[in-house]
Every structure is written in structure tokens, then in C-alpha cells.
Amino acid sequence: MDDINFFDKVYQVARLIPVGRVTSYGAIASYLGTKGSSRMVGYAMQAAGKVVPKVPAHRVVNRQGLLTAKFHFGGNLMAELLESEGVQVKDDQVQDFKTVFWDPNIELAL
DNA sequence: CGAGTGACCCTGG
DNA sequence: ACCAGGGCCACTC
């Protein structure tokens with residue numbers, strides 16, 4: 001359980017997401033080099049809630065900017081957290097997604 | 001060891 | 001342009 005693996009990598013990148021910004025599963029997967037494992041990124045988030053330090057999974061959304069993880073958080077907790085950080089969310093959808101979008105391949109480039 | 005699952009993405013019609 | 005389906009990798013039982 002304490003061993004490092006693909007999951008930890010996802011958690012690290014997710015924790016690097018600045019406040020007020022959001023990223024997509026595919027972006028993280030691509031940054032890790034496993035673009036095909038985009039699904040695994042989301043799967044890792046499922047365990048993120050039980051990992052420490054707590055991972056801001058609420059800052060991770062799908063390619064459309066839709067709060068898919070919201071169903072797992074329970075209620076609109078995810079949207080509340082994002083709005084609390086300055087991210088505008090409407091109808092479980094991130095507004096100006098391309099503006100608040102934080103791509104590790106670009107921000108963490110090099 | 002084998003099979004199933006998953007908070008996705010891409011391609012085809 | 002829209003809707004639908006399949007595929008991919010890693011982890012768990």
C-alpha cells in the first residue's frame with residue numbers, strides 16, 4: 001500500500017495543480033506517458049480520497065470540463081470546492097474550461 | 001493465475 | 001455536424 005506506482009504519479013501531478021485551475025485525465029495520463037490509461041487516472045482518483053496527503057481530485061475533470069467525479073464525491077461538493085477556489089462551475093460543468101485548464105505537459109514541460 | 005472493473009478518450013458511420 | 005461503439009492500461013478479487 002505504501003509502494004509507489006502509477007497511482008502515486010497521478011496523485012503527485014494532481015497535487016501540483018494550482019488553485020483555481022483544473023486538468024483532465026488524458027492530460028495527466030499523457031504526461032505520465034500512458035495516454036491509453038486515461039481511464040486508470042480516474043480510477044486512481046477513486047483511491048485518492050484514502051491517500052495522504054489528500055489529493056485535490058475535485059480539480060481533475062474530464063476532457064469536456066464536466067465534473068464526472070462529482071458522482072463519487074457525493075452531491076455538489078466538488079462544484080462547491082472548485083467555486084470556493086475561484087473556478088466558475090455551472091451545471092456540473094467548468095466555465096472557461098480552456099482558461100482554467102492546467103496542462104502538465106505545458107506547465108510542467110521540460 | 002485468470003477475469004473484471006473503471007471519475008476516459010478516440011475513431012467510425 | 002451528430003450519435004454510437006470499441007479500446008486501452010493498471011489495479012483488485
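Side chains included, hydrogens not; waters and symmetry mates left out as well; all remaining heavy atoms used.
Qualifying side-chain contact (heavy atoms from CB on, under 4.5 Å) partners for A/D91, counting only residues two or more places apart in sequence or in other chains: none. With sequence neighbours excluded, the residues satisfying side-chain contact (heavy atoms from CB on, under 4.5 Å) with A/F7 are A/N5, A/Y11, A/M40, A/Y43, A/A44, A/A47. In this structure A/L16 satisfies the side-chain contact (heavy atoms from CB on, under 4.5 Å) test together with A/W102, A/L108, sequence neighbours excluded. Under the salt bridge (Lys or Arg N to Asp or Glu O under 4.0 Å) criterion, A/D103 pairs with no residue at all, not counting sequence neighbours.
Hydrophobic clustering, defined by side-chain heavy atoms of Ile, Leu, Val, Met, Phe, Trp and Tyr closer than 4.5 Å, leaves A/L66 isolated from every other such residue. Using a 4.5 Å cut-off between side-chain heavy atoms of Ile, Leu, Val, Met, Phe, Trp and Tyr, A/F101 falls into a hydrophobic cluster with A/V22, A/V61, A/L67, A/F73, A/L77, A/M78, A/L81, A/L82, A/V87, A/V89, A/V94, A/F97, A/V100. Residue A/V19 shares its hydrophobic cluster (ILVMFWY side chains chained together at separations under 4.5 Å) with no other residue.
The pair A/E85-A/R59 counts as a salt bridge, with a side-chain nitrogen and a carboxylate oxygen less than 4.0 angstrom apart.
One finds the OG atom of A/S30 at 7.0 Å from the NZ atom of A/K35 (value rounded to the nearest 0.5 Å).
Pairing each heavy atom of A/N105 with each of A/A109, the nearest pair is O-CB, 3.1 Å. Here the closest non-hydrogen pair linking A/A27 and A/P104 is O-CG, 3.8 Å. Of all non-hydrogen atoms in A/P56 and A/A14, the two that sit nearest each other are CG-O, 3.3 Å. Contact between A/M45 and A/A57 at its shortest, heavy atoms only, is SD-CB, 3.7 Å. Here the shortest heavy-atom pairing between A/G26 and A/S38 reads CA-CB, 4.3 Å.
For residues 20-44 of chain A, proximity to DNA chain C is found at A/G36, A/S37, A/R39, A/M40, defined as any non-hydrogen atom under 4.0 angstrom from a strand atom. Shown for residues 87-97 of chain A: no residue has heavy atoms falling under 4.0 angstrom of DNA chain B. A heavy-atom distance below 4.0 Å to DNA chain C is reached by none of the residues of residues 65-78 of chain A.
As rounded to whole Å, 16 Å separates atom C1' of C/dC8 from atom CZ of A/R63.
Here the options are A/T23, A/V10, A/T34, A/V13, the test is side chain to side chain contact (heavy atoms under 4.5 Å, CB included), and the partner is A/V41; only A/V10 passes.
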Any protein N or O atoms within reach of nucleotides 1-3 of chain C? Criterion: under 3.5 Å, listing atom names and distances.
none

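Taking every nucleotide of DNA chain B with any atom under 4.0 Å from a non-hydrogen atom of chain A, the first and last of them, 5' to 3', are B/dG6 to B/dC9.
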